[in-house]
Amino acid sequence: MNFRFQNILGAPYRGGNAVISDYSLLSPVGNRVSVTELIKSQTITLPFEATCNISRIALSPDGNFLLTVDDQSRALFVNLSRRVVLHRISFKKGVTALRFSSDGSLIAVGLGKLLQIWRSPGFRKEFFPFKLVRTFSDCSAAITSLDWSPDSNYIIVGSKDLTVRLFFLKKTKADAKPFMFLGHRESIVGVFFSILKKTTRVFRIYTISRDGAIFTWNLDESVNCDDNSRGSISDPPAPGTPDRRNSDGETDEFDTGMEDRKRKRSSGGVDANMSETPLHKVKWELMKKDFFMQAPARLTACDYHRELDMVVVGFSNGVFGLYQMPDFVCIHLLSISREKITTAVFNRFGNWLTFGCAKLGQLLVWEWRSESYILKQQGHYFDVNCVAYSPDSQMLATGADDNKVKVWTVSSGFCFITFSEHSNAVTALHFMANNHCLLSASLDGTVRAWDLFRYRNFRTFTTPSPRQFVSLSADHSGEVICSGTIDSFEIFVWSMKTGRLLDILSGHEGPVHGLMFSPTNAVLASSSWDKTVKLWDIFEGKGAVETFQHNHDVLTVVYRPDGKQVACSTLDGQITFWDPLNGVLMHTIEGRRDIAGGRLMTDKRSAINSSSGKYFTTLCYSADGSYILAGGSSKYICMYDVADQVLLRRFQITHNISLDGVLDFLNSKRMTDAGPLDLIDDENSDVEIGIDQQKRGNLGQGLPGSMLNMGRPIVRTQSLKISPTGRSWAAATTEGVLMYCIDDSFIFDPTDLDIDITPEAIESALSEAQHQRALLLSLRLNEDSIIKRCIFSVKTPEIAAIASSIPVKYLQRLMEVFSDLLESCPHLEFILQWCQDLCKLHGNFIQQNSRSLLPTLRSLQKSITKLHQDLMETCSSNEHLLQYLCSTDTKTN
């Protein structure tokens, strides 16, 4: 029962800015942050959650700290290596720009028109770690971008008022106004400092606007800000002041010395050397204007690499460009999408480009020199309807409203194949027992079979007249495929080998939303909205063998793994358990109070009094059938004990208040005469700079009733599946596919402990070469590291003798250890010898208790299968290499 959140699949990117640190890519996914290891090719999701959707993230230069800011301006300061939140702070206004200084000691935050400089907190605990250093209020519109100088003394800021300002951070006696860069015709998207490579001195500035213009500003070393040649308005001369110039028009030497000393004092005693002159007190000349020429598309994202002096830009039509500055030479100009590019960023070395498209959930990492992809991932950009585990638990298939079927590798979190042949939403998935065939049902009236070896659709099952399929199942042998419809209330039966329609099962009077074959025989269970569950004998052709009547609509039905129990959920919030062999009701679980979620913005009643969503739409038994998971249109997933009918645990799938139904009580301060403030669209039509929210209603906003819940997403669970090994489960939710796995972080969980069972006693037994006693003591102590040490201390000839003396109650724990060792240990033959001897000597007990040992056996089988595939590929390549070497040696002789 000790499950914890592990990962999110189906949504690698949802909006905001992505950042890259060495070989790790960080991108916001809703109210979480996803980390993609580009070298290891795997993705993980950080365990913390923000209050609502994350809009901005910033990474410290050393890669140790991460700062995230959500839509409500609440910031989290995270220790990235430990993955824990160190500090929290709420800003007063919406955050539009965010960046760490070059030395990591300061943080620049754009809060609307204000620019605030904060002291970056450290590792130590403080009462209020964030310290406000300075606030600049010179901007007349919202800040859109900013950049730090290499010495962290200057910051350049671009805003929506079409201007760029250069600020000096250190306070002076007479605070000078920032230097202003003018000339752009649309709001600023990016501002960047350029440096001399030898001296790291700033000598050029690039400013990029939304209309596709890039201005290059050069430092004019001959003119100081105090000179009238800058073009600034000087004070008028006082009347009666004598002219300091002599009759020849030259300045007196004494007056010249006085002016030099005054200039030194006004600049803080800095010498006239231009390398020491403050950047905001010198003249900047507009060297040239360049245009990307992508009209009518708008420039939406950009980044600059100082060492390479290169600029990458992304546009609203999906085109990106890579340019060498300052000559503005186009290196690449390619299209990667049809939608707006919302983030574009260089890595530290400048050889990889990262692009993100929020609307399509697309994330790309591209190596521009070799023109090859490092990473190419795209999630479902509409709700995920169904999930299915492969029999070996190594793959997970997902189907969604975007008409696509994706197959993911569970261990890495990467999608390796996408099937897009369906023309309507995918509603059901099923893996065949051979692990290489996947079935999918869709509202387009087809059931398709996919080959996971050749990645193609090798068979399509159809009906004489078009139907919409919402449920799917196949018998254990894989010969018969069944699918239920939503419009004709029938169940269609096909032959897997021939693809022919064998039978049409009629009898239901409502949509058939639940369908499942018994794991032990050919009996099919179906549930319908006509308040019945029917059992069908497919091969005998007798029609409905048994009918179970209910008082409310039946939403789904599942079989227990041993086939001796059927569970179904009804519209009144109950889970009913039936004995399919005797046709009797076993027991009922009342779950209305457990599944009750929060209040929607459009609800007229409170969450307690509302009846909507208080029922389960998806059920799933555990691998051993001891507990059942249940989810529905709520923020909770409930875990029940089947034998005692009690609630074991309740998982809250998200705390993201950007989703409707998370809050139990709404804030009355946000209620107006026109309705809730969150549902009033008062934004301007200029959405190019912001992030388009992922809404299905955007496709038909003008159609009546097209925007469910006023376009605000509702938290819910569409599908639940537990892996065959029983060590993880997946939930298809509004946030994506949430993965939960057993938490192995605990160290000490003794099973049979007394005063003599200590680590010292185990060490003593090992030193005396009593390997059998040491292993038994370690199993009773149940500490993982000590068990593994005792296993490796056993010599190979002694394995059979020691395995025969292991008590049967420790077999499951020992097999779990072997399953873990096979994935990480190099001593493969040694561990396989242990497994073989255990199965030989305790085979009778394992067979009699296969139900309780099933999750452990499947986990062991998964490890051995994965090991076999890796060794097979290695041996095959070595064999071909040896054949090649032998053939070349023969030719040489």
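Counting heavy atoms from C-beta outward, Gln377 and Trp408 have side chains that approach closer than 4.5 Å. Cys790 places none of its side-chain heavy atoms less than 4.5 Å from the side chain of Ile787. Contact check for Val29 versus Val33: no side-chain heavy atoms found under the 4.5 Å cut-off. Between Phe431 and Pro391 there is a side-chain heavy-atom pair separated by less than 4.5 Å. For the pair Ile538/Val493, a side-chain contact is recorded, criterion being any heavy-atom separation below 4.5 Å from C-beta on. In this structure, the side chains of Met496 and Val480 stay at 4.5 Å or more apart for every pair of heavy atoms. Leu438 is not listed as a side-chain neighbour of Met432, based on a closest heavy-atom distance of 4.5 Å or more. At a threshold of 4.5 Å between non-hydrogen side-chain atoms, the residues Ile802 and Trp834 count as touching.
At a cut-off of 3.5 Å, with distance as the only test, a side-chain donor of Ser859 or Ser819 sits close to an acceptor on the other residue. Using modelled atom types and a 3.5 Å distance limit, the side chains of Ser411 and Thr409 yield no donor-acceptor pair. In the model, Thr343 has no side-chain atom that pairs as donor or acceptor with a side-chain atom of Tyr13 under 3.5 Å.
Of the listed residues (Val737, Thr733, Thr45), just one forms a side chain to side chain contact (heavy atoms under 4.5 Å, CB included) with Ile8, and that residue is Thr45. Here the options are Ser863, Ser393, Pro855, the test is side chain to side chain contact (heavy atoms under 4.5 Å, CB included), and the partner is Thr725; only Ser393 passes.
Residues Arg813 and Glu816 are paired through a salt bridge, judged by an N-O separation under 4.0 Å between the basic side chain and the carboxylate. At a threshold of 4.0 Å, the pair Arg454-Asp451 counts as salt-bridged, since one of the basic side-chain nitrogens sits closer than that to a carboxylate oxygen. In this structure, Asp784 does not pair ionically with Arg789, as no charged nitrogen and carboxylate oxygen lie closer than 4.0 Å.
Annotation: the span from Arg459 atom CZ to Arg448 atom CZ amounts to 13.5 Å, rounded to 0.5 Å.
Ring geometry for Trp729 versus Phe3: interplanar angle over 60°, hence perpendicular rather than tilted (30 to 60°).
Figure legend: cation-pi geometry between Arg14 and Tyr381 absent, as NZ or CZ is not positioned both under 6.0 Å from the six-membered ring centre and within 45° of its axis.
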Between Val311 and Asp303, is a side chain to side chain contact (heavy atoms under 4.5 Å, CB included) present by the stated rule, with each step listed?
CA-CA 6 Å; Val311 169; Asp303 194 23; over 6 Å; no
Query raised in the report: Passes side chain to side chain contact (heavy atoms under 4.5 Å, CB included), Phe818 versus Asp820? Steps please.
Result: CA-CA 5 Å; Phe818 290 145; Asp820 184 41; over 6 Å; no
Step by step, would you call Trp366 with Trp368 a side chain to side chain contact (heavy atoms under 4.5 Å, CB included)?
CA-CA 6 Å; Trp366 194 61; Trp368 62 270; 3.6 Å; yes
Requested in this report: Mind running side chain to side chain contact (heavy atoms under 4.5 Å, CB included) on Gln394 and Val410 for me, showing each step along the way?
Outcome: CA-CA 6 Å; Gln394 294 187 17; Val410 175; 5.9 Å; no
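What you find for Cys386 and Val426 is that their closest heavy atoms are SG-O, 4.0 Å. Contact between Pro12 and Ser27 at its shortest, heavy atoms only, is O-OG, 3.1 Å. Nearest heavy atoms, Leu841 versus Ala800: CD1-O, 3.4 Å. Among all heavy-atom pairs drawn from Cys620 and Leu720, the shortest one is CB-O, 3.7 Å. A pairwise comparison of heavy atoms in Ala441 and Val447 identifies CB-CG2, 4.1 Å as the closest pair. Closest of all the heavy-atom pairs between Asn7 and Thr43 is ND2-O, 2.8 Å.
Ring centroid separation for the pair Phe320 and Phe355 comes in under the 6.0 Å cut-off. Checked against the 6.0 Å centroid threshold, His476 and Phe517 do not count as a close aromatic pair. When ring centroids are compared, Tyr23 and Trp352 come within the 6.0 Å threshold.
Scored by the ring-ring contact (aromatic ring centres under 6.0 Å, His included) test, Trp494 finds Phe461, Phe469 as partners (sequence neighbours excluded).
By the 6.0 Å contact criterion, CD on Gln883 is enclosed, its count of non-hydrogen atoms from other residues, nucleotides or ligands being greater than 12.
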